[in-house]
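Comments concern the structure below.
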Amino acid sequence: MSEAEGPLVVGVDSSTQSTKALVVDAATGRIVATGQAPHTVSSGAGRESDPRQWWDALCEALRQCGEAAHEAAAVSVGGQQHGLVALDERGEPVRPALLWNDVRSAPQARRLTEELGGAKFWAERTGSVPAASFTVTKWAWLAEHEPEAARATKAVRLPHDYLTGRLTGQGTTDRGDASGTGWWASGTEAYDEEILAHVGLDAALLPRVVRPGEVAGTVRDSHDLPFSKGTLVAPGTGDNAAAALGLGLRPGMPVMSLGTSGTVYAVSQRRPADPSGTVAGFADARGDWLPLACTLNCTLAVDRVATLLGLDREAVEPGTAVTLLPFLDGERTPNLPNASGLLHGLRHDTTAGQLLQAAYDGAVHSLLGALDLVLDQDADPSAPLLLIGGGARGAAWQQTVLRLSGRPVQVPEAKELVALGAAAQAAGVLTGEDPAAVARRWNTAAGPVLDPVERDEETLARIAGVLSDAAPLLERPTDTH
């Protein structure tokens, strides 16, 4: 690869639906080769995937990258957060992984919160109040509903840990992904023995937490890997922490990510602890913090509404009378794991395009409601909101965020920010640089800035009113069969 100015690195994004790999020139940030392969998620009440599909998808994505992957000097994996991967003594999955959007553990989340000191205890101890997405609740669910699988488990990993371990043969994780488990104490930056004992999980089953900038291991000698033996493996991290690296975020820069799930976050130098549970007090992959709020229903839910209406996703029409809360998978923010979608204000003259716009409004309202809690009090309220993820380039998403936020919106041109962040982390272990500084050198956040418009307070108030009035309906369990 004589065209590269510096060493080559590989960044991986193993997301809910697929795995992507980028080969990047560490000197310039130029993408030299790409690959992508899908994996499947179960339907029904649970959301599960076979971790071996992630591995197969990673190998296929790297194969598509060709010779460039063989020449890489370092690799890093960014992965979907929270998923519970239970492995036996041979390192094989005991059962399919329980994914972040599997809400069957909502009763365990409530019970754990009550049994161990309440929301304030959890927020102060771990930075977050348990939600159904968190790994600790999934382990409690597994122990209760599938005790034989729990007893057969000899190692517990997160999705990115599983892939990193397949590369190195070692059990490692990083502080960013560990902070989303519910059993990592953010104050001491160590596994919490009291919480682990309460859920019956031996700390010996958990991976070692690798420090930022530390090498997690090297690629083992294996015939099924398109890497050279001895290639450096960076710690890796969760997808949101990887995207924060990929953007080169500085403290106070707000981000809204529009994907299968929706998130808002910002880097902070203060350790977060929100007892309301709206903000998860995650660590970032560098040594700072990444307060974050997540909604389960974002682009996938809005696309589903468009499909039901027989419309293109951009076929929105303005309307002021109808409210649609697109909580098709339950919801995390607001914390309504039993909720289903709710439509209010339907009239004879309501159009399909207005219904679709209402779905956009409902999804964005949930995210903006958490943004002020995510940002530190001294954050600049006029700073552009960085809009990323699969929905960021959609005109309807952009216009809805502009109208409901009242902020300028910047849309980075770089598309694969999780994989780019992982690549920046891989470059950092080679050069000793801060990976966020690497990403800034690559100019990954560059993109058009959309001027702010007057905030649509009327729509925000109407949605908030419906959400409040409908609380008994939204909290009532629904039959998912």
Side-chain angles (χ1 to χ4, degrees), residues 43-45 101 103 256 258-262 295-371 387 389-407 409 450 452-481:
S43 58
N101 54 351
V103 296
M256 179 181 289
L258 303 173
T260 304
S261 66
T295 63
L296 295 183
N297 298 279
C298 195
T299 59
L300 202 62
V302 172
D303 284 353
R304 180 58 184 152
V305 172
T307 300
L308 286 171
L309 296 170
L311 295 179
D312 180 271
R313 67 182 62 170
E314 297 291 339
V316 295
E317 296 177 31
T320 57
V322 66
T323 299
L324 202 164
L325 304 179
F327 301 160
L328 307 189
D329 278 322
E331 191 44 82
R332 172 171 160 182
T333 305
N335 185 24
L336 297 165
N338 296 317
S340 55
L342 188 145
L343 177 63
H344 179 265
L346 197 61
R347 299 286 188 184
H348 279 289
D349 59 354
T350 304
T351 67
Q354 289 171 338
L355 285 179
L356 181 57
Q357 180 61 67
Y360 279 97
D361 289 350
V364 171
H365 176 272
S366 294
L367 288 167
L368 289 176
L371 185 60
L387 198 63
R393 283 171 174 73
W397 282 110
Q398 291 178 4
Q399 293 305 312
T400 302
V401 173
L402 275 173
R403 181 171 50 82
L404 296 184
S405 72
R407 283 178 172 266
V409 170
L450 310 177
V453 300
E454 185 178 355
R455 187 168 173 168
D456 185 352
E457 300 288 358
E458 182 180 345
T459 295
L460 292 169
R462 175 170 44 79
I463 297 172
V466 171
L467 190 57
S468 175
D469 292 344
L473 277 176
L474 294 169
E475 292 168 2
R476 183 185 304 166
T478 55
D479 185 0
T480 57
H481 300 288

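As the structure is a prediction and not an experimental result, all values here were calculated from the model. The figures that follow rest on heavy atoms only: side chains count, while hydrogens, waters and symmetry mates do not.
A pairwise comparison of heavy atoms in Gly406 and Pro452 identifies O-CB, 3.6 Å as the closest pair. Smallest separation of non-hydrogen atoms from Leu368 and Ser405: CD1-N, 3.6 Å. Of all heavy-atom pairs spanning Ala370 and Thr333, the tightest one is CB-CG2, 4.3 Å. Counting all heavy atoms, side chain and backbone alike, Leu342 lies closest to Ala470 at CD1-CB, 3.7 Å. Of all heavy-atom pairs spanning Pro326 and Ala301, the tightest one is O-CB, 3.7 Å.
Note that OG of Ser261 and CG of Asn297 are 9.5 Å apart. Values are rounded to the nearest 0.5 Å. Rounded to the nearest 0.5 angstrom, Phe327 CZ and Leu336 CG are separated by 6.0 Å. Taking NE2 of His365 as the start and OG1 of Thr295 as the end, the distance is 12.5 Å to the nearest 0.5 Å. Atom-to-atom distance recorded for Leu355:CG and Leu324:CG is 6.5 Å, nearest 0.5 angstrom. Going from atom CG of Asp469 over to atom CG of Leu474 covers 10.5 Å, rounded to the nearest 0.5 Å. Rounding to the nearest 0.5 Å places CZ of Arg304 at 11.0 Å from CG of Asp329.
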Quiz prompt | Steps toward side chain to side chain contact (heavy atoms under 4.5 Å, CB included) verdict (Leu467, Leu325) | solution = CA-CA 8 Å; Leu467 190 57; Leu325 304 179; 3.8 Å; yes

Exercise. Applying side chain to side chain contact (heavy atoms under 4.5 Å, CB included), run through Gln398 and Leu450 and close with a yes or a no.
Key: CA-CA 9 Å; Gln398 291 178 4; Leu450 310 177; 3.6 Å; yes

Exercise. Would you please test Leu371 and Arg407 for side chain to side chain contact (heavy atoms under 4.5 Å, CB included) and show each step?
Key: CA-CA 12 Å; Leu371 185 60; Arg407 283 178 172 266; 4.0 Å; yes

Self-check item: Test side chain to side chain contact (heavy atoms under 4.5 Å, CB included) applied to Leu258 and Leu367, step by step
Solution: CA-CA 10 Å; Leu258 303 173; Leu367 288 167; 3.9 Å; yes

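A donor-acceptor pair under 3.5 Å is formed between the side chain of Arg462 and the backbone N or O of Val322. Side-chain N or O atoms of Glu317 include none that pairs as donor or acceptor with a backbone N or O of Ala352 at under 3.5 Å. A distance-only check finds no donor-acceptor pair linking the side chain of Thr350 to the backbone of Leu346 [under 3.5 Å]. Although no hydrogens or angles enter the test, the distance criterion places a donor-acceptor pair under 3.5 Å between the side chain of Gln354 and the main chain of Thr351. The main-chain N or O of Ala395 is found under 3.5 Å from a side-chain atom of Glu314 such that the two form a donor-acceptor pair.
Residues Leu300 and Leu328 fail the side-chain proximity criterion, which asks for heavy atoms closer than 4.5 Å. No side-chain heavy atom of Thr307 sits less than 4.5 Å from a side-chain heavy atom of Arg313. Contact annotation: the side chain of Met256 approaches that of Val401 to within less than 4.5 Å [non-hydrogen atoms, C-beta and beyond].
Annotation: Glu457, atom CD; neighbour count of heavy atoms from other residues, nucleotides and ligands within 6.0 Å is above 12.
The ring-ring contact (aromatic ring centres under 6.0 Å, His included) pairs that include a residue from residues 328-362 are Tyr360-Trp397, where partners are two or more places apart or lie in different chains.
Checked against Val364 for a side-chain contact (heavy atoms from CB on, under 4.5 Å), the options Ile463, Leu402, Thr400 give a single hit: Thr400.
Between the side chains of Glu331 and Asn335, not a single donor N or O lies within less than 3.5 Å of an accepting N or O.
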